[in-house]
Amino acid sequence: MAGKDKPYRVYRGGRAKGPIRHEPPKKEAGRRDGDGYTYKGPKPARKPRRWRRRMFWALIGVILLFLVWAVLGYLAFRSGIKDANKRLDPLAARALTPQKGLLLSNASNILVLGADAGSKSRQGTQGRSDTIILIRTDPDNHKIALLSIPRDLRVEIPRHGTQKINAAYAFGGPTLAVKTVERVTGLRMNHVVVVDFSTFGEVVDALGGVTINVPRPILSNKFECPRRTQAQCARWPGWRFRKGPQEMNGRTALIYSRIRENKLDPSESDFTRGERQQAVIQAMADETTSFSTFLKSPFIGDDLVRPLATDLSAGQILQLGWVKRRTPSSGWLRCRLGGTIANFGGASYVIGSEENVSVIAMVTGKSAPQPPLPGSGPFGPGCLVGK
């Protein structure tokens with residue numbers, strides 16, 4: 001018997017008592033699986049899972065592509081905003097109250113003026129402003145208020161006496177319009193945006209159209225007849241809009257915002273027109289901050305602001321977009337100043353109501369929003385909650 005195959009074991013303390021258990025040879029011991037004391041040697045290395053690496057690098061590629069696309073879109077947008085800054089009269093920028101801090105965390109008042117020669121405010125060719133809307137953002141309370149000011153509101157225009165408020169733009173451009181609105185509302189304007197309605201439709205078309213919920217059927221008064229001859233225009237009843245959500249291109253959205261008379265609802269007024277304008281602005285804001293617009297931003301970034309003249313920078317507009325996305329539907333206020341109709345010198349005016357002071361308090365969050373009082377008529381002032 002070989003010495004290495006002895007049928008006994010020797011311990012330091014002496015020979016173990018009891019029957020001798022056969023110890024298998026080392027070659028056989030290496031093949032036993034049930035012995036817990038047996039070292040089986042190192043396990044073979046696992047092959048790396050290549051699909052995980054591929055997924056990781058694919059994710060990195062998507063993130064980089066997203067960042068590059070966002071930068072390209074921002075550069076195109078910033079280029080357009082710089083042109084919009086140049087179109088604004090420098091006197092209007094100096095008439096504004098400087099913004100305190102970031103728009104992301106501080107309240108801001110933005111005056112929106114719409115006219116057919118809006119973006120030419122530096123050339124002295126502006127007419128009257130058909131649209132006057134004050135936008136107040138309140139990021140801390142997640143609220144945005146849209147205040148429509150009737151263009152026929154009778155006010156005191158500095159150095160021009162008592163006039164309709166829309167005449168302020170004709171007399172002194174956005175500079176005088178800012179000062180007049182500040183006098184009427186008691187609020188300081190931090191920013192101004194002048195919209196050229198002659199190119200307004202191009203922005204909507206660049207966005208690919210907008211979706212607007214029409215609250216009631218409309219048959220408008222006759223304006224901008226689409227027919228070729230005068231005889232056809234004489235038979236044409238007017239623009240029609242059915243009730244419910246509708247996709248509108250640039251021309252249709254502009255016509256919808258300009259309708260002053262609804263033959264199917266005689267109770268509508270110029271205030272209803274202001275509500276339609278607010279709806280168009282909200283629809284454009286929703287579409288501008290959508291993912292589809294982000295995909296097109298490197299190609300249409302400058303087109304989106306072509307009708308504008310403003311003091312807002314590209315970064316500030318992006319901040320406004322983020323404030324909008326954070327504001328829930330319950331945080332939106334749709335307000336309007338109002339009053340009664342009166343004639344002076346053959347012209348029809350809106351004489352401001354005492355409730356207008358309460359409406360300003362609603363806009364600034366100092367009082368709870370209230371709808372127009374019952375019996376106040378089609379020109380009653382007040383605020384409605386929600387988009």
Side-chain angles (χ1 to χ4, degrees), residues 77 80 84 110 112-119 127-133 135 144 146 148-149 151 193-227 236-265 268-294 296-297 299-310 317 320-321 324 332 334 336 386-387:
F77 179 70
I110 305 168
V112 178
L113 303 168
D116 286 336
S119 65
R128 297 197 174 202
S129 53
D130 285 339
T131 301
I132 306 174
I133 297 177
I135 303 176
I144 296 178
L146 302 178
S148 290
I149 302 176
R151 62 194 183 110
V193 179
V194 185
V195 183
D196 185 354
F197 276 152
S198 64
T199 57
F200 171 82
E202 297 177 8
V203 179
V204 178
D205 289 335
L207 290 170
V210 293
T211 302
I212 298 176
N213 188 16
V214 180
R216 60 187 66 85
I218 296 175
L219 175 59
S220 77
N221 56 314
K222 294 184 179 182
F223 69 98
E224 296 189 19
C225 176
R227 303 295 186 256
W236 177 62
W239 297 100
R240 290 183 179 273
F241 291 88
R242 60 177 175 79
K243 180 181 179 180
Q246 298 181 42
E247 291 288 334
M248 298 186 186
N249 59 20
R251 176 175 171 78
T252 307
L254 179 58
I255 289 172
Y256 178 76
S257 65
R258 281 179 163 175
I259 293 175
R260 298 177 181 176
E261 178 185 350
N262 183 5
K263 297 178 182 179
L264 303 180
D265 188 356
E268 290 193 6
S269 64
D270 195 51
F271 289 82
T272 313
R273 178 172 173 262
E275 293 175 354
R276 284 192 281 266
Q277 293 169 349
Q278 290 184 2
V280 172
I281 291 175
Q282 289 183 354
M284 292 180 64
D286 292 339
E287 191 63 32
T288 301
T289 56
S290 67
F291 183 71
S292 61
T293 301
F294 168 77
K296 298 182 291 184
S297 58
F299 309 103
I300 67 172
D302 54 344
D303 294 333
L304 296 179
V305 294
R306 186 167 297 168
L308 305 183
T310 181
I317 293 179
L320 289 175
K324 173 194 169 296
W332 285 79
R334 296 179 290 110
R336 68 188 191 190
K387 292 185 177 182

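Residues: numbered from 1 along the sequence shown.
- Residues V195 and V112 have side chains in contact (heavy-atom distance under 4.5 Å, counting atoms from C-beta outward).
- Distance alone, capped at 3.5 Å, places no donor-acceptor pair between the R276 side chain and the R258 backbone.
- No side-chain heavy atom of D196 sits under 4.5 Å from any side-chain heavy atom of L308.
- Going from atom CG of L146 over to atom CD1 of I133 covers 7.0 Å, rounded to the nearest 0.5 Å.
- In terms of heavy atoms, F223 sits closest to W236 at O-CH2, 3.7 Å.
- Between the CG atom in N249 and the CD atom in E202 there is a gap of 12.5 Å [rounded to 0.5 Å].
- One N or O on the side chain of K263 and one on the backbone of P237 form a donor-acceptor pair closer than 3.5 Å.
- In this structure, A279 and I212 approach most closely via the heavy-atom pair CB-CG2, 4.3 Å.
- Separation of atoms CD1 (I218) and CD1 (I255) is listed at 12.0 Å; rounding is to 0.5 Å.
- Side-chain contact check for P217 versus K243: some heavy-atom pair is nearer than 4.5 Å.
- Looking at R260, its side chain never comes within 3.5 Å of a backbone N or O of N221 through a donor-acceptor pair.
- Contact between L207 and K296 at its shortest, heavy atoms only, is O-NZ, 3.1 Å.
- The shortest heavy-atom contact between N213 and P245 is OD1-N, 3.3 Å.
- Residues L264 and R216 are not in side-chain contact: their nearest non-hydrogen atoms beyond the backbone lie 4.5 Å or more apart.
- E261 has no carboxylate O lying under 4.0 Å from a charged side-chain N of R273, or vice versa, which leaves the two without a salt bridge.
- I135 is listed as a side-chain neighbour of I144, based on a closest heavy-atom distance under 4.5 Å.
- Atoms CD1 and OG1, on I110 and T310 in that order, are 8.0 Å from each other to the nearest 0.5 Å.
- A donor-acceptor contact under 3.5 angstrom links the side chains of E247 and T211, judged on distance only.
- A 6.0 Å sphere centred on NZ of K222 holds more than 12 heavy atoms belonging to other residues, nucleotides or ligands.
- Counting only distance, with no hydrogens or angles, the side chain of W239 and the backbone of I259 share no donor-acceptor pair below 3.5 Å.
- Taking all atoms of both residues into account, the shortest heavy-atom contact from I317 to F77 is CG2-CZ, 3.6 Å.
- A donor-acceptor pair under 3.5 Å is absent between the side-chain atoms of T131 and the main chain of G114, judged by distance alone.
- Between V280 and A253, the closest heavy-atom pair is CG2-O, 4.0 Å.
- Counting only heavy atoms from C-beta outward, the side chains of M284 and V204 approach each other to under 4.5 Å.
- Between K324 and D286 a salt bridge is recorded (basic side-chain N to carboxylate O distance below 4.0 Å).
- Using a 4.5 Å heavy-atom threshold, the side chains of V214 and Y256 count as touching.
- In terms of modelled atom types and a separation under 3.5 Å, the side chain of N262 and the main chain of L219 share a donor-acceptor contact.
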